[in-house]
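First comes the structure, then the notes that go with it.
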Amino acid sequence: MSEDRYLTFALGKGRLANKTLELFEEIGITCEEMKDKNSRKLIFVNEDLRLKFFLAKGPDVPTYVEYGAADMGVVGRDTVLEENRNVYEVLDLGFGKCRMCVCGPASARELLLHHERIRVASKYPNIAKDYFYNKKHQTVDIIKLNGSVELGPLVELSDVIVDIVETGSTLRENGLEVLEEVCPLSARMIVNPVSMQMETERIKDLVGRIRARLEEKRV
Ligand code: PRP
């Protein structure tokens, strides 16, 4: 396809987007427009490199990429797994490292061991369902929450939670602990399958340059 076509990136708003833009800058891809914090603009363009960027809510990033509204995206693995969209995961960016865990009061350990029918609160009902039903073969009731999930066991909404643990301080401050690890997490780059075919060279080149930069930083 022609070099004139824009490659569009959807970035999950917040820390991951900032880290991604830093990384792009390190390989010479800048987007000055995006640095203006007062701007209400939603789409940013680098005319020279024929790139466009937009910021979206994390869980919407795989949606934009699946439908081809963005060729590529950067979002946490938690979101990639939860949304389960038809996208290719091409690169682990290595930042935003944390873990998806089953957490709760120490007393809930017993309930997990004996495969009891427990209540599990989570912002990630699909990940929780997959873990309990397909990996542990334990029938549970999943309760979807939208945040502050640690409240679940504290107010007796649920026995345990499935949530992200980074430093562990939210758990500690609320008398909860990690009971089981579901999977490790970090930021991932995802690509629309059709874009991958139509823009193979540009995407491969870009992913290759980012990978090389990440390797340089690792040594
Ligand atoms: C996330 C996660 C935990 C917390 C873990 O919540 O859901 O609550 O961070 O971090 P820690 O292990 O370093 O304490 P977030 O701050 O994104 O807000 P939320 O609870 O509204 O989802």
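What you see is a predicted model; the values in this text were computed from it and never measured. We count ligands from 1, going down the list as the structure has it; atoms in each ligand are counted the same way.
- Residue Leu42 places its CG atom among 12 or fewer non-hydrogen atoms of other residues, nucleotides or ligands, all under 6.0 Å distant.
- Under a 4.5 Å side-chain heavy-atom criterion applied to ILVMFWY residues, the cluster that includes Tyr67 comprises that residue alone.
- For Pro125, the side-chain contact (heavy atoms from CB on, under 4.5 Å) test picks out Glu82, Ile142, Lys144, with sequence neighbours left out.
- Relative ring orientation between Phe9 and Phe53 is described as parallel, the plane-to-plane angle staying below 30° on a 0-90° scale split at 30° and 60°.
- For Glu150, the side chain to side chain donor-acceptor pair (under 3.5 Å) criterion is met by no residue, not counting sequence neighbours.
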* Asked: Does the pair Arg77 and Glu89 meet the rule for a salt bridge (Lys or Arg N to Asp or Glu O under 4.0 Å), with working shown?
  -> CA-CA 9 Å; Arg77 183 179 182 222; Glu89 191 184 305; 5.0 Å; no

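- Around ligand 1 you find Lys123, Gly147, Ser148, Glu150, Asp163, Ile164, Val165, Glu166, Thr167, Gly168, Ser169, Thr170, each with a heavy-atom distance below 4.0 Å.
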